[in-house]
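What follows is one structure encoded as C-alpha cells, with my remarks underneath.
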Amino acid sequence: MDCLFCKIIAGDIPSSKVYEDDIIFAFRDINPQAPVHVLVVPKAHIASADEVNPSNSSSVAHIFVKIPEIAAACGLKKGYRVITNCGPDACQSVKHLHFHILGGAQLSDRMA
Ligand code: AMP
Ligand code: ZN
C-alpha cells in the first residue's frame, strides 16, 4: 500500500521517533505548527476517523492511554491540544489515521 505513514512506521522513510510500542508509533511532525507538534498513529493502517470500528477501536483507545505519557515526555506541563483531521473539509492530507499533539506555547482559543 502506498501510504506515507505506513512507510514511516516500517522505517522505510526516516522520522524523529518519540514513542513506539506494538500498537502505536509517535513522531515529530515535519512541518511543526507549534513548538511541540507530534503525530501519533496506529501501526495498523486505518484511513481516517471514518474508518474506526469495533474491530480496530482498541488501537485508538490505546493511543489515548498513551497520549498523556507522550505529552509529559515532550515537556507539555501546561497542557496540549489533540486534533485529528478527517476528510477534505478538514484538510486531511495523509490518509492514515493520526492524532496531532500540539503544545509548548499558548495556543489559539479558536480551533478553525
Ligand atoms: P493532516 O493534514 O492532518 O493529514 O496531517 C498530516 C501531517 O503530516 C502534516 O502536519 C504534515 O506536516 C505531516 N507530515 C507529512 N509528511 C511527513 C513526514 N515525512 N514526517 C513527519 N510528518 C509529516
Ligand atoms: Zn498507512
Side-chain angles (χ1 to χ4, degrees):
M1 189 188 302
D2 192 23
C3 171
L4 173 64
F5 288 174
C6 282
K7 290 176 183 164
I8 286 177
I9 293 161
D12 296 337
I13 290 175
S15 68
S16 177
K17 183 169 78 174
V18 173
Y19 176 80
E20 179 178 16
D21 62 26
D22 289 347
I23 301 163
I24 69 173
F25 194 85
F27 54 102
R28 305 258 176 201
D29 196 292
I30 204 166
N31 182 24
Q33 296 191 34
V36 174
H37 187 169
V38 170
L39 301 174
V40 191
V41 307
K43 285 189 168 177
H45 181 87
I46 301 172
S48 76
D50 269 344
E51 305 300 321
V52 177
N53 58 50
S55 4
N56 62 25
S57 61
S58 62
S59 65
V60 179
H62 185 66
I63 283 173
F64 276 84
V65 169
K66 290 297 171 183
I67 279 175
E69 292 178 23
I70 294 166
C74 292
L76 299 178
K77 293 191 176 81
K78 292 175 69 181
Y80 53 88
R81 182 168 289 159
V82 179
I83 293 172
T84 192
N85 293 318
C86 180
D89 272 7
C91 303
Q92 182 183 4
S93 61
V94 179
K95 308 296 187 293
H96 182 128
L97 179 65
H98 52 283
F99 294 88
H100 300 255
I101 302 176
L102 297 156
Q106 179 64 59
L107 303 177
S108 167
D109 62 357
R110 292 182 54 80
M111 284 187 285

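What you are looking at is a predicted structure, and each value in this text was computed from that prediction instead of being measured. Note that ligands are numbered from 1 as they come in the structure, with each ligand's atoms numbered from 1 the same way.
- Around the Zn ion (ligand 2), the protein contributes the following N, O or S atoms at distances under 2.8 Å: Cys3 SG, Cys6 SG, His45 ND1, His96 ND1.
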For residues 103-112, dump all side-chain donor-acceptor pairs below 3.5 Å to protein atoms at least two apart in sequence or in another chain.
residue	atom	partner	partner atom	Å
Ser108	OG	Arg110	N	2.9
Ser108	OG	Arg110	O	3.3
Arg110	NE	Ala112	O	3.4
Arg110	NH2	Ala112	O	2.9

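- Side-chain atoms of Lys66 and Asp21, non-hydrogen and from C-beta on, do get closer than 4.5 Å to each other.
- In this structure, the side chains of Cys91 and Asn85 stay at 4.5 Å or more apart for every pair of heavy atoms.
- Near ligand 1, Leu4, Phe5, Ile8, Phe27, Arg28, Asp29, Ile30, Asn31, Leu39, Asn85, Cys91, Gln92, Ser93, Val94, His98, His100 each place a heavy atom less than 4.0 angstrom from the ligand.
- From Thr84, atom OG1 reaches atom CD of Gln92 across 6.5 Å, with rounding to the nearest 0.5 Å.
- Between Phe27 and Phe5, the closest side-chain pair of non-hydrogen atoms falls below 4.5 Å.
- Between the side chain of Glu51 and the backbone N or O of Asn56 there is no donor-acceptor pair closer than 3.5 Å.
- Between the side chain of His100 and the backbone N or O of His98 there is no donor-acceptor pair closer than 3.5 Å.
- Counting non-hydrogen atoms of other residues, nucleotides and ligands closer than 6.0 Å to CG of Asn53 gives a total above 12.
- Grouping Ile, Leu, Val, Met, Phe, Trp and Tyr by side-chain contacts under 4.5 Å, direct or through others, puts Ile67 with Val18, Tyr19, Ile23, Ile24, Val36, Val38, Val40, Ile46, Val52, Val60, Ile63, Phe64, Ile70, Leu76, Tyr80, Val82, Leu97, Phe99, Ile101.
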